[in-house]
Structure formats: structure tokens, C-alpha cells
Amino acid sequence: MQYGVSYYPEHKSPEELEHDIELLIASKINTVRMGEFAWCRMEPREGEYQFEWLEDVVERLGEAGIRSIICTPTACPPSWLVYRYPEVLYVDNRGEKRPFGGRRFYCYNNPTYREYSRKIAKELGERFGRNPYVSGFQIDNEPAQEASGRCHCPVCQKKFSGWLKEKYQTIEEYNRRSGNIFWGQEYENFDQIKPPVNTIEVSALQSLPVYFENPTLRLEFERFSSDSQIEYQNIQADILHAYSDYPVTTNGTGLATNSINYYESTKNLDCYGFDYYPGLRDAAVDSFPYAFARGVKGGAPFWVMEFMSGGGHRFGGSGRVQPNPGALKQAVLQSFAHGADMMLHFQFRTFPFGAEQLNYAIVDMDGIPRRRYYEMQDTAKLLRQLEPLEKAEFANRAAICVDYDTYWALRIKPVNDPEFKYLDYAGRLYRLLGEAGYNADVIGYDGDFSQYKLLVLPAAFITTKSMQQKLRQYVKDGGVLLATFLTSVKNEDNVGYTESLPAGLTDVFGTVVEEVEPVFKSNHAAVRLNLGKVQAISEDGMWCDLLSGTAKSIGTYREEYKKDAMVVGENEFGKGKAYYLGTDLENEVLKVLFEHLCQDAEIQKNPIQSRPKVEVIHRVLNGDDYYYVFNFTAQDTEVDVEVPVYDYLNLCTYENKIPLEQNGFAVVKRCQRT
């Protein structure tokens, strides 16, 4: 595993640089990431390139066994470029032009900016593409972060109109499919169509808070903007690939913070990379982003380009608490267990200046190594011990499906906001499956369903005809499918189906949605889950799809006018089964349902106890079962084990229980049966 830090040699005096390099070498890490904000030093004047300062650091670290990730610096263009070509500046949804300063103030569609991005990427590729001390490249930094992913400048407006024309061909077709007859919004030609003034960008401000735009227009602008970001990224990716065989990626933020479709954006990249800042003080680290990361490129290892390092001040001002002793090591091992091939802390040494001054880091501003530094050193040693296990494979037979069109559509026109959030709900189902004892992958709608015995489809709000057919075939071939409320409500144009819901799938589920309503505190009702010998009572939540049909009713309401009405259905279809969950259930009851589904799908349960804040990850190497067990309970604990296991690190065997210290972990191998 490549393990290390982000580092900024361009900030340092010669004396500070000498000091830091000594500490980096002594830490025994093997990777640093550099250069993402240093365009003004790489090209201080147009066409005058200066890389000697960076080459010297790469060489010195490389000779000590530390390889470098080199970043293209296009997140922060130099002042000469901006003031010479002001047309490259970003224009937000309010029509405000971003000034020089800060970061991410450029338009990703502007041809001038693209040309200068090509030039700097080419220079970096030529100088570092064959350097033996380089291990990869990062394009830009956190694309579309800080509400910079939905530009409204004249270039983007014109390009968006052309993008729509290419897709729909005629304005009549666009008007028809988008339902522009509503409120008399039909256009005469594509040039009249402008980007929507409302936006779902995180941290963006609405110019007209009470202004209702066509949902098709808004979804198409999300798609267009994502495509434009990917197009800009690939200009640099193609150049770097031409000069180097080293992996090329970029660093996303969260699953959808910047609303770029990662399933599409990584097709021309060598791996998926992202930044992750979980809390590490008495808190469980959510592994849903790791499972998602693993699924972006079909199970390939992923890179974490920025990861939590400590506490103190914060970019936004509120601050972060320090991690518990051992929490950094635990979190790094957790990422390794989930398939990370790189983990880089942000950052090595606290900034004394700039917008991120006084920020968290491994080493404080004074450069004196303290417990976080020594824990990083211990973690580097641990990862070397675990190198023999890095090729272990995942054998998960359950998967959660997520989709960007659905995410965007549910942000554009929310359902029971803020109670229901699509990605939060998908992540909760993933975690509850794990607590029930079953590991799951997270995949997109284009993923290979056939390798999974159980497929969980959270709120598949937009479901195309082809997706309907894919789900139908999956169940017909023997798969077990669980779909939840809000499934197959809209088509790919973000327009509601005019047939019974779940549209195109009523025969698969054996159900028809009769009524729908949000579930608030004022209208909660009890639901009985009947799974044969197992029964459970739960309060409903978030949403209600009240069902009728031929499916076996395994969940019914117990009160009000809904009494005895079906809300959870089970239906045999072909060789498989399809379940429809018409409302949310309490956590423990959902785990009971998952237990039933996994038994139905003949998925083997982990032999090591899982529960809230104790995570178990299963990997397979040379036919042997390995389990990573993590204790996030903020206290010492122990977990039950159904079979004897051998502790890979402590060289002992556990027959019944595995002891775990606070912020502790275990790597165990299932003992062979005799």
C-alpha cells in the first residue's frame, strides 16, 4: 500500500525544507503528493517553466525510498493568466463572476483555459512521466468543489444549447419530452434555452429562491455540467497517458459533493481517487465511501488522496477534535481492508499562512514530531507487515445499487426533505447489511448484476426501460431483488411514468402502488413484518407506498385506515424472488428483513459477530478466509466468533471470542477444519 502525506515544498524556506525532508524520511512512509496549487511557481511567467525546485525534492525523497504523486496545478491558475485572459473566469448561477484569489475560479469549458491546461500538463508529463521516483499523477484538485462545477458564462450557455440540440435534434422533440407545455414554457429554438438559475450545488446560493424551473431542464444541465467536467479532465488525462505509463487519476470529494458522475469520469482514468475526512474521536468511520470507491471501476483498488490527520483549526473555522490515540492507524488499516491501494494524510505540516492556515496536520507548525507523527510511523510499519495480504479478493454476494440520475433528480425535486436523502439512505442500508453479518459491494446501474445473489435497490426514482429489463432478467435468472419505496417513478427525461408504479416492474414485484405519502411525526403508523417463524413490529418512516397485488404480503400496517394493507411484498418471478419495501423500517427490523433475504439468497453469514460500531470485512486469499475486525465503540470490547480463528498479527488462536482494545483491530484467518 502506498502510504504517506500531501506536502508543499513551494511553501518552505531552505531550512524548513531540510528539516521536513529529514522527518519525512524518518517516518518510513513511501509516498508524497505534491504540486496541486503551485502553477505560479511552475510557470511564473507565460511560457517560462521552472520545475527544478520540484525535481530536486522528488529526487531527494526518491533516493530515500519515497515516491511522488505529481499533480497538475490547474485548480489555481496564476495571476498572469487570469488578468491577461479574464474570459477564463467562472460565472455562477447568479451571474456573479469569480475574481482572482481563492481557488477553483476558472471555467472548465473555456477554450483559452483548456489550452493553457494542456500546456502545463504536457510540461509535467515530459518532465516527470518517466521519472523512476514518480508513482502517479493527479489531475487538478477536487473538481467542482466550492460550488465551481456549474458555470453560466457565455461559453457554457452556448455549449449547453448545442449539447441539447445534439441530443434532441429538434426543438419540438425537446418540448415534447420535457413537458414544456406546462406553464407555457415551450421554446422556439435551442438558442433560447439558458442554464437553470436554481442549482443543487453544495454551498451555492440561489438567485431566485422561489422560482420553479422545468425538472427536465435542470437534470439535463446536471448531466451537461458533469460531461463538461469529464471532458476537461480527459484533456489532461490523455496528455499524461501519452508521456507516462504511471497511473493517472483525480481526487473527487465524497460520493456526490461535486455532482460529477464518477462512474463516467473514471473510465479514462487508471483508478478512482477521492478525499475523505471522517471524525476519528470516539466515532465509527463510515465505510460506505470505500465500498462505493471499490465499485466505481469494477472492484479495482482505489486511492485516498487526502485523509484526516488531526484536529485543531479548520478551513471553515469551526475546528476538528483530535483523533484518539490509535485512531489514525485503525482508520488507515480499515481503508486497506476495503481495498485502498493508497492513503495520504492531509497534510504533513500545518500551514502558517493562507486560507487554510492553522489547519490540521501530522506535524504542527513548529515542525516538532508528536504522537500523530509517531503513530504514522507505526502505521507505515504495520502496512509492511500486511503486504502479503494485499492481493486478497472480495467475495461479497450482496450489492447496493446507486445512480447519479436518481441522486440528481431527488435533489432537484426532493421527497420529504430533509427527512429523506438518497445517498444517506443507501449508506444506511449498506451499514445495516454489515451489522446483520453480510458484507456488500456498492455498484452503479451499469454494473454486472450476475455476480450477486442479492441486489438492494434503494429508491430507484429514475429507472429507464433498459434498467427495468435488466432488473427483470436478474430476477428471472434466479437473483433476489429488494427494491424500496420510490422505485421506477420517472423516466430518463425526469418525467413521471403514466403507468402504475413501480412502472414496468409491477409483474416482477407482484405489486401495484395504490397510494403514496410522506411520513412525518404526525402520521407515523405501526407495521408488522411477518417472515414465517420470525415476526417484528416497527414504526414506518420517511415515505409510504401502499401496495396491492398478487405478491405475498409479508409486511402490513396495523392501524388507521391503512390497517391490514400491504406495505412489504414478496413475489416469485422466474427462478428468483423480488421484494418491494414500501416504507422505511427501524434499524433492528431492517436487519431482520436482511437476514431473511440473505438466507433466501443462500448467502453465507460472517462467522464473526458484527454489531453497531464493530465492523467485519471478509477477504479471501489462496482459498483462505481472512477477516478484518474493527472496534469503533470507544471502549475495550470483545466479539463472538463461531469458528476458531488465528490472529495474523498477534500469532495466537481465538476459539470463542476476539478481544479488541479501544480503537483496536484484529486481522484473523479462519482455521482450517480438521
Going by the angle between their ring planes, with limits at 30° and 60°, are Phe307 and His345 parallel, tilted or perpendicular? tilted
Neighbour count above 12 (heavy atom, 6.0 Å) for Lys28 NZ: no
Main-chain N/O of Gly149 paired to Glu201 side chain as donor or acceptor, under 3.5 Å: yes
Assess, by modelled atom type and distance only, whether the side chains of Asn359 and Glu356 contain a donor and an acceptor separated by less than 3.5 Å. yes
So that I can tick it off, tell me whether Lys297 and Asp270 are bridged by a salt bridge, with the cut-off set at under 4.0 angstrom between side-chain N and carboxylate O. no
Once side-chain hydrogen bond (donor to acceptor under 3.5 Å, both in side chains) is applied, do any residues pair with Tyr8, and if so which ones, sequence neighbours excluded? Glu36
Which is it for Glu390 and Arg619 under the salt bridge (Lys or Arg N to Asp or Glu O under 4.0 Å) test, yes or no, and what are the steps along the way? CA-CA 10 Å; Glu390 65 182 353; Arg619 305 280 295 269; over 6 Å; no
Pair Lys605, Glu642 - check salt bridge (Lys or Arg N to Asp or Glu O under 4.0 Å), show working. CA-CA 11 Å; Lys605 190 174 184 177; Glu642 297 176 359; 5.9 Å; no
Would you say CZ of Arg41 has more than 12 non-hydrogen atoms from neighbouring residues, nucleotides or ligands within 6.0 angstrom? no
Asn251 side-chain N/O to Gly273 backbone N/O, donor-acceptor pair under 3.5 Å: no
Could you tell me whether a side-chain N or O of Arg281 sits under 3.5 Å from a main-chain N or O of Gln322, the two making a donor and an acceptor? yes
For the atom pair OH (Tyr373) and CG (Leu23), what is the distance rounded to the nearest 0.5 Å? 5.0 Å
The test is side chain to side chain contact (heavy atoms under 4.5 Å, CB included); show your working for Phe346 and Asp275 and say whether it passes. CA-CA 9 Å; Phe346 183 85; Asp275 300 345; over 6 Å; no
Tell me if a side-chain donor or acceptor on Gln233 pairs with a main-chain N or O of Ser265 at a distance below 3.5 Å. yes
Please test Asn587 against Arg428 for side chain to side chain contact (heavy atoms under 4.5 Å, CB included), starting from the C-alpha separation and ending with a verdict. CA-CA 9 Å; Asn587 286 352; Arg428 177 166 157 254; 2.9 Å; yes
Indicate the ring-plane relationship of Tyr628 and Phe630, choosing parallel, tilted or perpendicular according to the 30° and 60° boundaries. parallel
Do Phe292 and Tyr263 have ring centres separated by under 6.0 Å? yes
Ignoring hydrogens, what is the shortest heavy-atom contact between Arg33 and Cys71? Give both atom names and the distance. CG-SG, 3.7 Å
Phe137/Phe128 aromatic ring centres below 6.0 Å: no
Tell me whether the centres of the aromatic rings in Tyr272 and Tyr262 are closer together than 6.0 Å. yes
Examine His11 together with Phe353 and report whether their ring centres are nearer than 6.0 Å. yes
Short question: side chain of Ser287, backbone of Tyr290 - any donor-acceptor pair under 3.5 Å? no
Looking at Asn622, I'd like to know if its CG atom is crowded, meaning that more than 12 non-hydrogen atoms belonging to other residues, nucleotides or ligands lie closer than 6.0 Å. no
